[in-house]
Student: 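The structure's right below; bear with me while I get my questions together.
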Amino acid sequence: VPSMAAAAQAICALQQLLAQPPPRLQERDLSWCLAEEQYAHAQVLLPPLDMGSLQQLQWLTSCSMLPRLSVLPAQLQHLELGDAMSGQQLAMLVPLQQLKTLSIDVGFTEQQPLLRVAQQLPALQQLRLEMHCGVAVATAPAWRQLPQLCALQVNCDFDAPGRQHAAVFA
């Protein structure tokens with residue numbers, strides 16, 4: 001598939017950049033996006049990204065979920081991720097013990113993986129979730145178990161009944 005070949009080339013080029021990153025990249029934020037048509041197969045076919053060498057990186061934005069088994073910089077404090085299609089993809093977040101802000105588009109319906117990861121991030125203070133309303137309702141009571149959380153923003157489906165929306169914030 002030409003688009004997957006292009007995505008694989010982009011990942012390889014990014015891996016080369018990450019092996020010897022420009023010094024100023026260490027101090028700034030990094031943003032990466034995978035085209036929607038490339039994303040469908042990316043989790044299976046693309047090699048993981050190893051960003052561990054970016055030892056000063058504080059902020060990472062990815063409008064698409066990173067390939068499985070990717071390594072994020074341990075000192076990362078702010079992370080924006082798009083399109084988490086399975087709870088298994090969240091495992092890469094557990095080592096981020098300094099993470100203060102997490103924004104993620106949740107595309108799966110299981111509630112336990114998200115709660116489990118959030119409970120293992122002791123510095124997490126701000127959480128923004130885009131998710132299915134049913135998952136938002138199911139997980140709402142558990143957010144009280146995160147005493148360090150100062151801000152929680154949940155955006156869920158607007159086609160859900162009003163009672164479900166009210167249950168999220170009850």
Side-chain angles (χ1 to χ4, degrees), residues 1-132 135 139 146 148-149 153-155:
V1 179
S3 61
M4 278 311 299
Q9 286 178 332
I11 291 283
C12 289
L14 185 54
Q15 284 289 31
Q16 290 175 354
L17 175 69
L18 293 173
Q20 294 184 336
R24 294 189 109 14
L25 182 62
Q26 298 280 345
E27 301 167 4
R28 304 198 185 280
D29 60 352
L30 177 65
S31 179
W32 103 294
C33 289
L34 188 62
E36 191 171 327
E37 64 273 6
Q38 297 169 334
Y39 183 75
H41 303 290
Q43 294 299 311
V44 177
L45 301 175
L46 294 179
L49 282 173
D50 185 352
M51 294 184 242
S53 63
L54 300 174
Q55 297 177 357
Q56 303 299 316
L57 190 68
Q58 300 290 308
W59 197 293
L60 175 65
T61 300
S62 175
C63 58
S64 50
M65 193 66 186
L66 299 169
R68 286 189 186 145
L69 304 176
S70 290
V71 176
L72 299 171
Q75 76 293 341
L76 205 58
Q77 293 185 12
H78 307 279
L79 180 60
E80 296 178 20
L81 289 176
D83 300 329
M85 301 313 281
S86 82
Q88 295 172 335
Q89 293 172 309
L90 301 180
M92 73 178 77
L93 305 180
V94 174
L96 305 178
Q97 297 297 294
Q98 298 177 39
L99 193 65
K100 294 179 182 176
T101 303
L102 175 61
S103 176
I104 190 164
D105 292 348
V106 179
F108 53 89
T109 57
E110 308 91 31
Q111 62 184 11
Q112 286 306 315
L114 183 59
L115 295 173
R116 194 170 28 250
V117 167
Q119 290 171 334
Q120 294 178 37
L121 299 172
L124 189 63
Q125 297 174 2
Q126 298 179 16
L127 182 60
R128 188 196 65 77
L129 301 168
E130 295 274 346
M131 61 195 328
H132 183 272
V135 177
T139 58
L146 301 171
Q148 79 279 14
L149 209 57
Q153 178 182 351
V154 178
N155 300 321

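No hydrogens, no waters, no symmetry mates; every other heavy atom, side chains included, goes into these values. Note that the structure is a prediction, hence the values are computed from the model and not measured.
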Student: Does a side-chain heavy-atom distance below 4.5 Å link Leu81 with Leu93?
Tutor: yes
Student: Return the minimal non-hydrogen interatomic distance between Pro95 and Ala91, and the atom names on each side.
Tutor: CD-O, 3.8 Å
Student: When rounded to the nearest 0.5 angstrom, what is the spacing between CG in Leu90 and CD in Gln112?
Tutor: 12.5 Å
Student: Say you draw a straight line from CD of Gln75 to CG of Leu99; how long is it, rounded to the nearest 0.5 Å?
Tutor: 11.0 Å
Student: Shortest non-hydrogen contact from Met51 to Pro73?
Tutor: O-CG, 3.3 Å
Student: Which heavy atom of Gln15 sits nearest a heavy atom of Leu49, and at what distance?
Tutor: NE2-CA, 3.3 Å
Student: The test is side-chain contact (heavy atoms from CB on, under 4.5 Å); show your working for Gln119 and Leu146 and say whether it passes.
Tutor: CA-CA 7 Å; Gln119 290 171 334; Leu146 301 171; 3.7 Å; yes
Student: Do the side chains of Gln97 and Pro122 get nearer than 4.5 Å, heavy atoms only?
Tutor: yes
Student: Are Gln58 and Gln77 close enough that a side-chain donor and a side-chain acceptor fall under 3.5 Å?
Tutor: yes
Student: Check whether any side-chain heavy atom of Val106 lies under 4.5 Å from a side-chain heavy atom of His132, and answer yes or no.
Tutor: no
Student: Hey, what do you get for CG (Leu124) to OG1 (Thr101), rounding to the nearest 0.5 Å?
Tutor: 7.5 Å
Student: Side chains of Leu129 and Leu114, heavy atoms from C-beta outward: is any pair under 4.5 Å?
Tutor: yes
Student: Of all heavy-atom pairs between Val94 and Leu121, which one has the smallest distance, and what is that distance?
Tutor: O-CD2, 4.0 Å
Student: Rounded to the nearest 0.5 Å, how far apart are CG of Leu79 and CD1 of Ile104?
Tutor: 7.5 Å
Student: Could you check whether any side-chain heavy atom of Leu69 comes within less than 4.5 Å of a side-chain heavy atom of Met92, counting everything from C-beta outward?
Tutor: no
Student: To the nearest 0.5 Å, how far apart are CD in Gln98 and NE2 in His78?
Tutor: 11.0 Å
